[in-house]
Amino acid sequence: MSIIEILKQKFGYDTFRVGQEDVILSVLKGQDTVALLPTGTGKSLCYQLPSYMMEGTTLIVSPLLSLMQDQVEQMKVRGEKSVLALNSFLTADERKLAFKRLHTVKFLFVSPEILQNDYILRRIKQLSISLFVIDEAHCISQWGPDFRPDYMLLGDIKNQLNNPTTLALTATATMSIREDIINQLNLVHPNELIYSVDRPNIAINIIHVEDYKEKVEQLISLVNQLNGPGIVYFSSRKLTEEISERLNRNEHLNVAFYHGEMDQEQRTLIQQQFIYNELDVICATSAFGMGINKENVRFVIHFHMPSTVEAYLQEIGRAGRDGKQSISILLSSDYDESLPLNMIENELPSQIQIERFFQWNSRVSMSQEEYAGLNNVQFRLLSYYDTFLGNKDSKEKIYIISQRIEERKNKKIHQLFSMIRWKNSVECRREGLLRYFDEQLKSKPLVCCDRCGINENDFYKSNDLRSSNKNDSWKDRLDYLYRQGKYKHE
DNA sequence: CGTCGGTCACTTACGTGACCGACGGTGCCGTAAT
């Protein structure tokens, strides 16, 4: 059967979307492939389709359990039963059952962490893995070195699985991220399929405000007026809750918050409500987004500046998946960098913490974590390095680790300053953004960015829409008139 | 940067204001015995 026939039979489509066919053909040739496809172009088809033409099992590494569950669900809906997600969601019984049918599974989803379980890896090694897929592969570069070290062990896993054809998929990758992916996975001359990251239907806008208070006012005014649905990104969990509460005072708006400290059930509920258009706006931290396929998001606002251009691009990319005109707005003020700078500074263990980690011994009454004053993430990172460096003596380990961490910090600071440089630049936003991704802007969309000039009114709710809504109180009307006046002066 | 929580001085015993330092974000897994 040809790939076109399988596309029709298994997926019900007649044609491929941009890039899909090239990726599939590359994989079928047995070539290691790094594919950079713009958001929302159906990346999962790129590994599912070729799997049907290959013997053996496809192993898919996914960064989020919810993402895995979604994909498994979708595959089951389209009739694929030979699919399994091996993760901590499984109860003991389910797990037993999973191992029983493991050898019959065509698509196996795992997290990088679970591959460190000896028994599970042994079982997977007994299968014949013909395709090794890394979904959202930028995590290797973005999360591996300081947040989820198990991402850095995938290259070793790949070797242990006898180097199956490897496919790394992502929507966000600068040359430097691609290099990280290739190095970490030990790929030799992979086929790199790169498509433009430009999203011409998203207007790129930066609004400068003087201080915190003005930022809040500006945000509230924007959210009240912009066509929804939309997402507002913050770098603070608390603020997502506070601002969401404030926005909800406008009775025409349904707003919810979303961050990583909420329980899974709550998170899923909010996500579903947003997807099914029961919510107008979500106030979220960076926890919100990966794997969310909502077509009609009309605006993305950043209350805090993201700490990398990559993260920024990924977050604004959640707007306008349906191809319709959408807008992204970064609320900018002086000293925007101090928050992310502090986060970078506090995230990784300090020299003293590294030393104390290695000074600890079992006679100390505190745990190693406590003794070195490390949080859970930092402790795991140092434990990873400790194991990774094997039999070297502590002194040498401390030296190597300190150096690596220093390099990592510098890299992050460098990325942060790239973001600031872009923000402060006077040139076309889109041109600058694309240049960061080693691309050149070929054609400028009619509605481009604040530098090229856009009419904000194009993105505002029409008068009718705003006033015809339910219980319009005199207070709202006044509020609205006030805002209208304010806008005319700007 | 802004926010928050703890401490202290001032007092005259509860409460308040000033000051300082810390902190802010992202997610897997564990457990048994396969």
Side-chain angles (χ1 to χ4, degrees), chain A residues 61-69 85-103 109-124 126 136 138-139 141-154 209-216 233-243 257-264 267 284-291 302-308 310-311 314-315 331-348 373 375-381 383-384 412 416 420:
Chain A
V61 178
S62 171
L64 303 177
L65 298 181
S66 58
L67 210 64
M68 267 184 232
Q69 301 296 111
L86 207 51
N87 58 39
S88 59
F89 278 178
L90 300 181
T91 62
D93 285 350
E94 288 170 332
R95 199 163 162 146
K96 248 180 218 160
L97 200 68
F99 285 125
K100 246 182 212 161
R101 59 178 278 246
L102 198 60
H103 62 284
F109 288 84
V110 292
S111 66
E113 284 82 5
I114 217 157
L115 290 171
Q116 291 310 305
N117 178 310
D118 288 338
Y119 175 70
I120 292 179
L121 184 61
R122 207 164 62 234
R123 290 294 307 264
I124 292 176
Q126 286 165 6
E136 308 286 357
H138 57 279
C139 293
S141 166
Q142 235 168 250
W143 278 357
D146 38 40
F147 181 50
R148 291 176 68 179
D150 294 313
Y151 260 105
M152 294 195 283
L153 295 161
L154 291 178
V209 294
E210 283 311 312
D211 53 21
Y212 178 78
K213 220 179 133 192
E214 200 188 320
K215 212 181 223 188
V216 176
Y233 277 107
F234 298 83
S235 300
S236 148
R237 294 185 282 249
K238 200 167 203 170
L239 267 185
T240 63
E241 301 189 12
E242 281 173 17
I243 304 281
F257 59 86
Y258 184 105
H259 58 67
E261 238 175 33
M262 294 158 59
D263 50 71
Q264 198 56 51
R267 287 172 67 161
T285 61
S286 58
F288 186 75
M290 232 197 283
H302 281 93
F303 186 87
H304 290 121
M305 180 186 75
S307 55
T308 65
E310 291 88 330
Q314 199 158 47
E315 286 166 359
L331 293 174
S332 152
S333 57
D334 298 338
Y335 313 110
D336 273 346
E337 67 275 17
S338 43
L339 195 155
L341 212 49
N342 265 314
M343 278 173 145
I344 294 170
E345 217 42 64
N346 296 324
E347 168 183 38
L348 291 157
N375 66 29
N376 172 271
V377 173
Q378 295 168 325
F379 179 71
R380 280 175 50 83
L381 185 72
S383 305
Y384 156 78
K412 290 195 132 184
L416 174 63
I420 294 164

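As the structure is a computational prediction, the values presented were derived from the model and not from experiment.
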Whole-Å distance separating the CG atom of A/N342 from the P atom of B/dG21: 14 Å

Atom-to-atom span, NZ of A/K215 to P of B/dT3 - whole angstrom: 12 Å

B/dC20 and B/dC14, which share atom name P, separated by this distance in whole Å: 29 Å

Euclidean distance for P, B/dG25 against B/dT3 (whole angstrom): 14 Å

Between P of B/dG2 and CE of A/M343, the distance in whole Å: 16 Å

Integer angstrom distance from the C1' of B/dG27 to that of B/dG6: 32 Å

Sugar-phosphate only, base, or nothing, as touched by A/H259 at under 4.0 Å among non-hydrogen atoms: sugar-phosphate

Residue whose closest nucleotide on DNA chain B lies nearer the 5' end, A/D211 versus A/Y258: A/D211

Distance below 4.0 Å between A/S235 side-chain N/O and B/dG24 OP1 or OP2: no

Heavy-atom donor-acceptor pair, A/H304 side chain to A/F234 backbone, under 3.5 Å: no

Any residue meeting side chain to side chain contact (heavy atoms under 4.5 Å, CB included) with A/E347, in chain and number order, not counting sequence neighbours: A/D146, A/K412

Rounded interatomic separation in angstrom, taking CG from A/N346 and P from B/dG24: 7 Å

Atom-to-atom span, CG of A/L339 to P of B/dT3 - whole angstrom: 12 Å

Sugar-phosphate only, base, or nothing, as touched by A/E242 at under 4.0 Å among non-hydrogen atoms: sugar-phosphate

Integer angstrom distance from the C1' of B/dT12 to that of B/dT16: 15 Å

Spacing between A/D336 atom CG and B/dG2 atom P, to the nearest angstrom: 11 Å

Check: A/I114 main-chain N/O paired with A/N117 side-chain donor or acceptor under 3.5 Å: no

A/L239 CG to B/dG24 C1', straight-line distance once rounded to whole Å: 9 Å

Aromatic ring pairing A/H259/A/F257, orientation class (parallel under 30°, perpendicular over 60°, tilted between): parallel

Touch class at under 4.0 angstrom, heavy-atom based, for A/K100 against every strand present: nothing

Assigned partner base of B/dA33, Watson-Crick or wobble definition, under 3.5 Å: none

Spacing of A/E214 atom CD relative to B/dC1 atom P, expressed in whole Å: 16 Å

Strand partner of B/dG24, provided both Watson-Crick or wobble distances fall under 3.5 Å: B/dC1

Main-chain N/O of A/N346 paired with A/Q378 side-chain donor or acceptor, under 3.5 Å: yes

Separation between the P atoms of B/dG30 and B/dT26, rounded to whole Å: 23 Å

Where protein sits on nucleotides 27-34 of chain B, one letter per nucleotide: B base, S sugar-phosphate only, - none, heavy atoms under 4.0 Å: BBSS-B-B

A/L381 to A/P145 - nearest heavy-atom pair and separation: CD1-O, 3.4 Å

Parallel, tilted or perpendicular: ring planes of A/H302 versus A/Y233, cut at 30 and 60 degrees: parallel

Donor-acceptor side-chain pairing of A/Y119 and A/R123 below 3.5 angstrom: yes

Sugar-phosphate, base or nothing in reach of A/E347, heavy atoms under 4.0 Å: base

Whole-angstrom distance between B/dT11 and B/dG17, as gauged at atom C1': 13 Å

Under 3.5 Å on both distances, the Watson-Crick or G-U partner of B/dT7: B/dA18

